[in-house]
Amino acid sequence: MRSILIAGNWKMNMGPAETADFFKQLDDAAQKEIEGVEAAVCPPFVSLPAAFSARKSGSAVKIGAQNIHFEDNGAFTGEISSTMLNELGCDFVILGHSERREYFGENDEIINKKVKKALADGITPIVCVGEVLDERKQDRHFDVVKTQTAGSLAGLSATDASKIVIAYEPVWAIGTGETASPEQAQEMHAFIRKEVAGLFGQDIADGVRILYGGSMKPANADELLKQPDVDGGLIGGASLKPDSFAELVAISAKQ
Ligand code: PEP
């Protein structure tokens, strides 16, 4: 049985003070261990230490990052490695987000190297895939997502593939207020699971969590999470406020 993962992608929002406030204000119920539900937030790098120290002791909310370099260390000015994130205690890292693909030139080959590096350092990659609006209009969305999935996961062992999380994020739904319909989400999630089965076998595909991302919020989370192949959400805007994040966790607990 796949547990639901509610992961907040804070993007370039929430400095250390705001991050500490978030944890102070976050309802205790959202921080409790809930069977079948995992919650995580991914603040900017500089806010990670604040997140770790402000998180209440015993809180079940996990902490992740939004990017890594694929090397351990060296002459890569401005970069951070998963070795460093591991030292901090990060559980997750978001990789291949469409904003990284669009603004920072990341392609499947780079993302694949990062996925392998995160796994080698014991950090769970949340690997993002998703089509832009034109690709959907041209009916190319399945091809695009197939290529991204195969490219990002190329060369992984089945054991490693069993540890990853995939996030389907239709780019036209990110930060736009427009959400994929539950049917559109389910259709693509089932497709991704089939692709994972083709690459790594049905057992791995049955266990891998596939999150939906794109304007998920308390008002639409229930119908999305009810879909059989939707195993949680990667949530931007609605994860920034402790109340709506807590609500998303509560909705997940009812599934
Ligand atoms: C995201 O950036 O991963 C995302 C899904 O953003 P939003 O929820 O704001 O659409």
Side-chain angles (χ1 to χ4, degrees), residues 4-14 18-19 22 30 38-45 47-48 51 61-68 90-104 106 111 114-115 118 123-133 135-136 141 144-145 148-149 152 164-182 184-186 188-189 192 209-225 227 229-252:
I4 293 180
L5 172 60
I6 293 295
N9 173 15
W10 286 0
K11 313 193 189 200
M12 199 171 71
N13 297 297
M14 309 282 273
E18 288 171 305
T19 297
F22 177 93
E38 226 181 340
V41 292
C42 302
F45 290 130
S47 299
L48 288 170
V61 177
K62 299 190 168 156
I63 294 170
Q66 302 170 20
N67 184 32
I68 50 167
C90 287
D91 290 297
F92 292 100
V93 63
I94 300 167
L95 294 177
H97 192 279
S98 60
E99 289 151 16
R100 302 270 346 149
R101 291 176 187 263
E102 182 177 354
Y103 305 128
F104 302 97
E106 292 197 13
I111 295 158
K114 293 184 177 194
V115 169
I123 296 181
T124 302
I126 301 176
V127 185
C128 303
V129 295
E131 80 285 358
V132 300
L133 188 57
E135 291 164 340
R136 181 162 277 265
H141 44 299
V144 168
V145 168
Q148 290 176 342
T149 304
S152 309
I164 64 161
V165 173
I166 297 173
Y168 169 55
E169 298 208 305
V171 182
W172 46 272
I174 296 180
T176 59
E178 195 178 333
T179 318
S181 68
Q184 285 172 322
Q186 170 55 27
M188 185 58 91
H189 283 229
I192 294 170
R209 288 182 293 179
I210 306 176
L211 315 184
Y212 169 78
S215 299
M216 190 190 255
K217 50 184 183 274
N220 59 27
D222 185 61
E223 54 178 8
L224 286 160
L225 293 172
Q227 302 307 310
D229 288 293
V230 176
D231 307 313
L234 180 58
I235 299 134
S239 72
L240 295 171
K241 294 270 177 284
D243 284 358
S244 70
F245 184 76
E247 228 183 302
L248 288 162
V249 174
I251 292 165
S252 304

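Ligands are counted one by one from 1 in listed order, and the atoms in each one are counted from 1 as well. Bear in mind the structure is a predicted one, so any value in this text is a computation, not a measurement.
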Visitor: Any N or O on Gly237 sitting closer than 3.5 Å to an N or O of ligand 1?
Guide: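 The answer is yes, given that Gly237 and ligand 1 share an N or O pair closer than 3.5 Å.
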Visitor: Any side-chain heavy-atom pair from Val145 and Ile192 closer than 4.5 angstrom?
Guide: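 Counting from C-beta outward, Val145 and Ile192 do come under 4.5 Å.
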Visitor: Walk me through whether Trp172 and Glu131 qualify under side chain to side chain donor-acceptor pair (under 3.5 Å).
Guide: CA-CA 8 Å; Trp172 46 272; Glu131 80 285 358; 2.8 Å; yes
Visitor: Please state whether Ser215 comes within less than 4.0 angstrom of ligand 1, counting heavy atoms only.
Guide: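 Ser215: in contact with ligand 1 (<4.0 Å).
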Visitor: Looking at non-hydrogen atoms alone, which of Lys11, Met216, Lys217 comes nearest to atom 2 (O) of ligand 1?
Guide: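 Nearest heavy atom to atom 2 (O) of ligand 1 lies in Lys11.
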Visitor: Given that the side chain starts at C-beta and the backbone is N, CA, C, O, which of these parts of Asn9 lies under 4.0 Å from ligand 1, counting heavy atoms, or is it both or neither?
Guide: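 The side chain, only.
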Visitor: Specify side chain, backbone, both or neither for Ala173, according to which of its non-hydrogen atoms lie closer than 4.0 Å to ligand 1.
Guide: backbone
Visitor: Check ligand 1 against Gly214 and write out every atom of the ligand that is under 4.0 Å from a heavy-atom position of the residue.
Guide: 5 (C), 10 (O)
Visitor: To the nearest 0.5 Å, what is the distance between CG (Leu234) and CD (Glu169)?
Guide: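 Atom-to-atom, Leu234:CG and Glu169:CD are 4.5 Å apart.
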Visitor: For a 4.5 angstrom cut-off between non-hydrogen side-chain atoms, does Val165 reach Pro125?
Guide: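 No. Closest side-chain heavy atoms not under 4.5 Å.
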Visitor: Just to confirm my output: which protein heavy-atom neighbour is closest to atom 4 (C) of ligand 1, and how far is it?
Guide: Gly236 N, 3.6 Å
Visitor: Mind checking whether Gly175 has an N or O less than 3.5 Å away from an N or O of ligand 1?
Guide: yes
Visitor: Tell me the protein heavy atom at minimum distance from atom 1 (C) of ligand 1, and give that distance in Å.
Guide: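 So the nearest neighbour among protein heavy atoms is His97 NE2, 3.2 Å.
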Visitor: Is Ile123 close to Asp91 at the side-chain level, that is, under 4.5 Å between some pair of heavy atoms?
Guide: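 SC-SC contact between Asp91 and Ile123 ruled out.
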Visitor: Provide the closest heavy-atom pair for Ser239 versus Asn9 in the form atom of the first, atom of the second, distance.
Guide: OG-N, 3.7 Å
Visitor: Indicate yes or no: does Glu106 engage Arg101 in a salt bridge with an N to O separation below 4.0 Å.
Guide: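 No, this pair does not count.
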Visitor: Less than 4.0 Å is my threshold; does some heavy atom of Ser98 fall inside it relative to ligand 1?
Guide: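 No, Ser98 has no heavy atom closer than 4.0 Å to ligand 1.
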Visitor: For atom 3 (O) of ligand 1, what's the nearest protein heavy-atom neighbour? Residue, atom name and distance, please.
Guide: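 Protein heavy atom with the smallest distance to atom 3 (O) of ligand 1: Glu169 OE2, 2.7 Å.
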Visitor: Measuring from atom CD of Gln66 to atom CZ of Phe45, what distance do you get when rounded to the nearest 0.5 angstrom?
Guide: 7.5 Å
